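Contents: one structure, followed by commentary.
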Amino acid sequence: MAILFCNFIKPLPLLLLLSFTDLFASTLSLGIGINYGQIANNLPTPSRVSFLLRSLNVTRVKLYDADPNVLTAFANTNVEFVIGLGNEYLQRMSDPQQAQAWIQQHVQPYHTQTRITCITVGNEVLTGTDTQLKSYLLPAMQGVYRALVNLGLSNEIYVAHPHSAGILANSFPPSSGSFRQDLSEYIHGMLNFHVQTKSPFLINFYPFFAYKDNPNEVPLDYVLFQPNQGTTDPITNLKYDNMLYAQIDAVYSAIKAMGHTDIPVKVSETGWPSKGDPNEFGATPVNAALYNGNLFQRMQQNQGTPAKPSEPIDVYVFALFNENLKPGPASERNYGLYYPDGTPVYNIGLRGFLPRMDYSAAKKNAFSFSALLLLMMIFLIHF
């Protein structure tokens, strides 16, 4: 992996920048989504982020809200978005009028130019302590879905909820995966919803946590996708060479145990921090580079899990930038592939460009991306 991230400092070579961007966009596809978190006060503008992600040929982005500045900055690109409704909206979304009003305000004005494919309703609610919030979750999902149906958008946008791995009672062996009994009433209704709406089951998996909590028992190579002896499921005799795939198959088993075999599982978050507190074992740039770099390579190969080999894994990596205002341990602020100034946190063999100048909406209206590319080609021919 000798290719480095690049960052042009001077505004003059913008046309050259577009040349390289288009070149790499045509030859490199990550085959992976990116979580674009914004809990920070030092991030680049959305228009610059749009340029960066297109230079990486990232075509799938997950937001935690429905930021109109971001959706506008990605207008007329091939990037598709997952947008989010925070937990604070759940009670209101069971009201059909409020759900429809939210979509009319936050989705319809942008959907014609920026492709929105999913609305996540809440985040990791079932592993929280708020029982009332749990009871709001499914009605909120149903309310948002009904609003999409009424507005003619249900065939283009699905509704889902990202779960924490904490909803699992058992994850190994993968064939014995099961959900927590105290959550079964909530999960059963949600699974029926996914079947009815033909939507996927989303879950956030971080093998880092397993290693951090038991560094003497969990093999580091196993969680980092490095060569290792792996583990074998004694029931299915399937061999697993990494923890993430085992966790995904455990979810499939848990879903099957509740009577469903036709709900796809997608990983809405996974990643590895490059820095942590002294007790956060394994949070280093080397390990973060290995985890994400190896994961990217596998996704480019369209791999499936041992139990679902013909179904390519769908993953959103967390996260695009380090976010300096996130609460919690130091690791929470150090999951980014990039520092906010556009320099890489570590090298994982990708090339991306964050222009120093702000590629503003006015400039976008004056010159399309393709028009600028044409100008660049003329520039190269003459100079």
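Since this is a predicted model, take the numbers as computed values, not measurements. Just the heavy atoms: all of them, side chains too, but no hydrogens, waters or symmetry mates, feed the values below.
- In this structure the side chain of L137 reaches within 4.5 angstrom of the side chain of M141, judged on heavy atoms.
- You'll find the side chain of Y211 stays beyond 4.5 Å of the side chain of L224, heavy atoms only.
- F81 has its ring centre less than 6.0 Å from the ring centre of F74.
- The closest side-chain heavy-atom distance from S184 to F179 is not below 4.5 Å.
- A side chain to side chain donor-acceptor pair (under 3.5 Å) with R60 holds for exactly one of D314, N78, T117; it is D314.
- A distance of 11.5 Å separates OG1 of T284 from CG of N334, quoted to the nearest 0.5 Å.
- Checked against a 6.0 Å centroid threshold, the rings of Y240 and Y245 do not count as neighbours.
- Side-chain atoms of N287 come within 3.5 Å of backbone atoms of G282 as a donor-acceptor pair (strictly under, hydrogens ignored).
- The local environment of CG in N155 is sparse, with at most 12 non-hydrogen atoms from other residues, nucleotides or ligands closer than 6.0 Å.
- Taking 4.5 Å as the limit, some side-chain heavy atom of P207 sits within range of a side-chain heavy atom of Y291.
- Summarising the geometry, atom OG belonging to S331 is positioned 5.0 Å from atom CZ belonging to F208; distances are rounded to the nearest 0.5 Å.
- Within 6.0 Å of the NZ atom in K134, the count of heavy atoms belonging to other residues, nucleotides or ligands exceeds 12.
- To the nearest 0.5 Å, the span separating CG on N35 from OG1 on T270 amounts to 10.0 Å.
- Listed by chain and number, the residues in a side chain to side chain donor-acceptor pair (under 3.5 Å) with Y206 are E269 (sequence neighbours excluded).
- With D249 contributing its side chain and A307 its backbone, the two residues share a donor-acceptor pair below 3.5 Å.
- Ring-centre distance between F201 and H163: below the 6.0 Å cut-off.
- Rounded to the nearest 0.5 angstrom, I167 CD1 and I187 CD1 are separated by 4.5 Å.
- With sequence neighbours excluded, no residue satisfies side-chain contact (heavy atoms from CB on, under 4.5 Å) with Q105.
- The shortest distance between side-chain heavy atoms of F205 and L168 falls below 4.5 Å.
- Atoms CD1 and CG, from I313 and L244 in turn, are 6.5 Å apart once rounded to the nearest 0.5 Å.
- With S164 contributing its side chain and E124 its backbone, the two residues share no donor-acceptor pair below 3.5 Å.
- Within a 6.0 Å radius of CD in E332, more than 12 heavy atoms belonging to other residues, nucleotides or ligands are found.
- Between R298 and D241 there is a salt bridge, since a side-chain N of the basic residue sits under 4.0 Å from a carboxylate O of the acidic one.
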